[in-house]
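Here the structure comes first, spelled out in structure tokens, and everything after it is commentary.
Just the heavy atoms: all of them, side chains too, but no hydrogens, waters or symmetry mates, feed the values below. Chain naming here is simple, since letters A, B, ... match the order of the sequence lines and numbering starts at 1 in each.
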2 protein chains.
Amino acid sequence: MLTERQLLILQVIIDDFIQTARPVGSRALSKKNSIPYSAATIRNEMADLEDMGYLEKTHLSSGRIPSEQGYRYYVDHMISPVTKFNQDMNVIKNFINDGFFEFEQLVQMSAEVLSELTNYTSIILGPELFETKLKQLQIITLSPNSAVAILVTNTGYVEHRSFSVPAEINPADLEKMVNILNDRLQGVPIVRLPEMFHSEITDLMKAYIHDFDKSYDYLKAAFLQEQPVKLYIGGKSNLLRQPEFNDVDKIRAFYTMIENENEMAHLLKGTSGGIKVTIGHENKADAIKDFSLITASYQLGGDQMGTIALLGPTRMEYRKVITLLDVLSNEMTDALYLWYKNTD
Amino acid sequence: MLTERQLLILQVIIDDFIQTARPVGSRALSKKNSIPYSAATIRNEMADLEDMGYLEKTHLSSGRIPSEQGYRYYVDHMISPVTKFNQDMNVIKNFINDGFFEFEQLVQMSAEVLSELTNYTSIILGPELFETKLKQLQIITLSPNSAVAILVTNTGYVEHRSFSVPAEINPADLEKMVNILNDRLQGVPIVRLPEMFHSEITDLMKAYIHDFDKSYDYLKAAFLQEQPVKLYIGGKSNLLRQPEFNDVDKIRAFYTMIENENEMAHLLKGTSGGIKVTIGHENKADAIKDFSLITASYQLGGDQMGTIALLGPTRMEYRKVITLLDVLSNEMTDALYLWYKNTD
DNA sequence: TTTAGCACTCAAGAGCCTCGAGTGCTAACA
DNA sequence: TGTTAGCACTCGAGGCTCTTGAGTGCTAAA
């Protein structure tokens, strides 16, 4: 268990290091008003904190920096609710309540605002279709040999895809099929669409449609092809301003990782509700063992919808980031609730 | 005018420097089989080429590197049609002819393939709606207070936007209006939509629709709000592998620029048909005075549609890039032609 | 228990040296 | 007259060494 004094010293060291990115030494600490002990005393405490694993040295005679365990303790026990960031919180609230016009836009702007306020990189994983339901399917013929397929969910999500129609397929047939599908599939959860397509519908349609198999394959491809995950990343270049990024190799590693959308999406997925902080080696992905990731989710009526995250150096302004993420995810959840309430 | 020998030497120097990124000296040159002159002779020629502005030194006693003027000459006079990149060309042809399913996907994949083949950063400016025509407008009511608006063009481009419907607006009215608009506006060029909305349609509808003004404003916002430009950037981290990027400040500058989508779009716009090479200071934007930009456009039946570009260091493999861009833009134009032919 | 004092450590930066790749110029050669 | 060999000179890069300053641990005194 840490003593009062150790707590104080640990906290001040971490706060200071987060600000300056430089190892903090006993003498500098002893000069602060908040710390009424001599350098020697502080040295003793620091040595103890190091033994306990909360601090580290960068080399034998350097000042101390927080270890990952130190950050962990800091995040778990030392982040009292702060009103210090009121101004930033208002920025978020205002921009959300400004009224948004489109869901994707809201998400994208959130990412930008967030990384601007924090100077870290923000990542937003778009809504999962998991719990949404089909509102409408539609096929629009553009020419004898091309068409565009549109799928709309009850949450207003629109997917579309244009494709060419081979000569042997009759566009009119396609439209007929889509009409039938529309009647029968409305309200079906998107995830169940593939099986419904297959099991329930085909019998009915076979009777009506000439050359059914080919047309069916076509529709299936048009509507059910898997969509890539939606990932918005804001402020990629922000991190370059952090002093830990003075090393070209680190930059390379960072950008190589961040451009791998699949890996990023994988990283964010599976974070359930609430705010979660992952520090350094706690991260599964090797590429961000030097980073901390803070995730929060925004929701629509209890079903998790998406994830907001901030990625920064382990030396991160945890307080600020946690506060802001909390506000943002609540505001988004509220906004989405208002937005979609009464949706079937 | 350059002599035979000067031409040879200039070309070899540029080729060599493009490969190695190191200043090339007279002695190294004289050892090459293709150059049967002694180091001293070469030194004399190099001095002349420097006087003429085609070469530079990095410091008083360094080897020579091409000047921007040198690259310009190289690009204008020394790039004979090359079959050397047959293999890469085939990669492009194959992937395009693999059959694509969606326009946006094609564009995005092109960007990726291109930057993979070249190791530079590729930028693709999405199609302009300029010449496309309206195929269909649609409004889908999700709930009493939200709806999604969808706009489809004759080229299969789909734009959509969800928005909330204030209590005082009757969704049935909206649908009625959209039906009327659909009848009257089909085939109208997208750019003319705003004026058509205003001038031709309002009189007709005022008669039919209760509380017309509000509903009208709403529809207008839903369908006519300006869309941001579509910009795909592929292989952003590729350039980090180039030796000229060993400087953190340069990296910062590069990423800051590349994330500014508007500026990038502006840079690519206004490049008419054909392939255009802009070297170093020939670029308007300060941020890429160190880079070269090679642009090509892909077309649909003569109307310019979009721009493909590659951004790299001035020390760029111009031959390869030009060859590949040429192939890609032709292939895309062909593919789009097949795709959209017979479209109204 | 706290503090002062002292010997010790290390990173970072400045200064210096060496090495190698390059140049320009001059004089000799074909 | 064009080409080449030779020589003195230049400069960047990398390796050494030294100094400085911020820091530590340990011991002994208050």
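In this structure, A/I65 atom CD1 and D/dT24 atom C1' are separated by 15 Å, rounded to whole Å. With rounding to whole Å, A/L29 atom CG is found 14 Å from D/dT24 atom C1'. To the nearest angstrom, C1' of C/dG22 lies 12 Å from NZ of B/K31. The distance between atom NZ of B/K57 and atom P of D/dC11, rounded to the nearest whole Å, is 10 Å. Residue B/R27 contributes atom CZ, which lies 17 Å from atom C1' of C/dG24 at whole-angstrom precision. Atom CZ of B/R5 is separated from atom C1' of D/dT4 by 11 Å (rounded to the nearest Å).
Under the 3.5 Å distance criterion, the side-chain polar atoms of B/Q69 are matched with a main-chain donor or acceptor of B/M52. Using a distance-only test at 3.5 Å, with no hydrogens or angles considered, no donor-acceptor pair links the side chain of A/K57 to the main chain of A/G63. Without hydrogens or angle criteria, A/D290 side chain to A/T314 main chain gives no donor-acceptor distance under 3.5 Å. Between the side chain of B/N238 and the main chain of B/S115, a donor-acceptor pair closer than 3.5 Å is present. Panel note: side chain A/S122, backbone A/A111; a donor-acceptor pair is recorded below 3.5 Å. Without hydrogens or angle criteria, B/S67 side chain to B/G53 main chain gives a donor-acceptor distance under 3.5 Å.
Between B/S26 and C/dT23 there is a side-chain N or O to OP1 or OP2 distance below 4.0 Å.
When the ring-ring contact (aromatic ring centres under 6.0 Å, His included) test is applied to A/Y120, no partner is found at least two apart in sequence or on another chain. Applying the salt bridge (Lys or Arg N to Asp or Glu O under 4.0 Å) test to B/R5 and every residue at least two apart in sequence or in another chain returns B/E45. Checked against salt bridge (Lys or Arg N to Asp or Glu O under 4.0 Å), A/K32 has the following partners two or more places apart in sequence or in another chain: A/D16. Under the rule for a salt bridge (Lys or Arg N to Asp or Glu O under 4.0 Å), the partners of B/D76 that lie at least two apart in sequence or sit in another chain are B/R72. A search for salt bridge (Lys or Arg N to Asp or Glu O under 4.0 Å) contacts involving B/E116 returns nothing, not counting sequence neighbours.
For the pair A/R315 and A/E244, the salt-bridge criterion is met [side-chain N within less than 4.0 Å of a carboxylate O]. Between B/E50 and B/R64 a salt bridge is recorded (basic side-chain N to carboxylate O distance below 4.0 Å).
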Nucleotide N/O of nucleotides 16-18 of chain D paired with protein N/O under 3.5 Å:
none

Nucleotides 7-9 of chain C: which of its N/O atoms have a protein N/O under 3.5 Å away?
unit_1: C/dT9; atom_1: O2; unit_2: A/S61; atom_2: OG; d: 2.5

Dump every N/O contact between nucleotides 15-17 of chain C and the protein below 3.5 Å, one line per pair.
none

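Counting non-hydrogen atoms of neighbouring residues, nucleotides and ligands closer than 6.0 angstrom, the NZ atom of B/K289 exceeds 12 such neighbours.
Residues from residues 7-24 of chain A placing a heavy atom under 4.0 Å of any atom in DNA chain D do not occur. A heavy atom lying under 4.0 Å from DNA chain D marks the following residues of residues 36-56 of chain A, by number: A/R43, A/M46.
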Please tabulate, one pair per line, all N/O donor-acceptor pairs under 3.5 Å involving side-chain atoms of residues 34-42 of chain A, not counting sequence neighbours.
unit_1: A/S38; atom_1: OG; unit_2: A/A40; atom_2: N; d: 3.3
unit_1: A/S38; atom_1: OG; unit_2: A/T41; atom_2: N; d: 3.3
unit_1: A/S38; atom_1: OG; unit_2: A/T41; atom_2: OG1; d: 3.1

Which donor-acceptor pairs under 3.5 Å do the side chains of residues 251-258 of chain A make with protein atoms, sequence neighbours left out?
unit_1: A/R252; atom_1: NH1; unit_2: B/L240; atom_2: O; d: 2.1
unit_1: A/Y255; atom_1: OH; unit_2: A/K236; atom_2: O; d: 3.0
unit_1: A/T256; atom_1: OG1; unit_2: A/R252; atom_2: O; d: 2.6

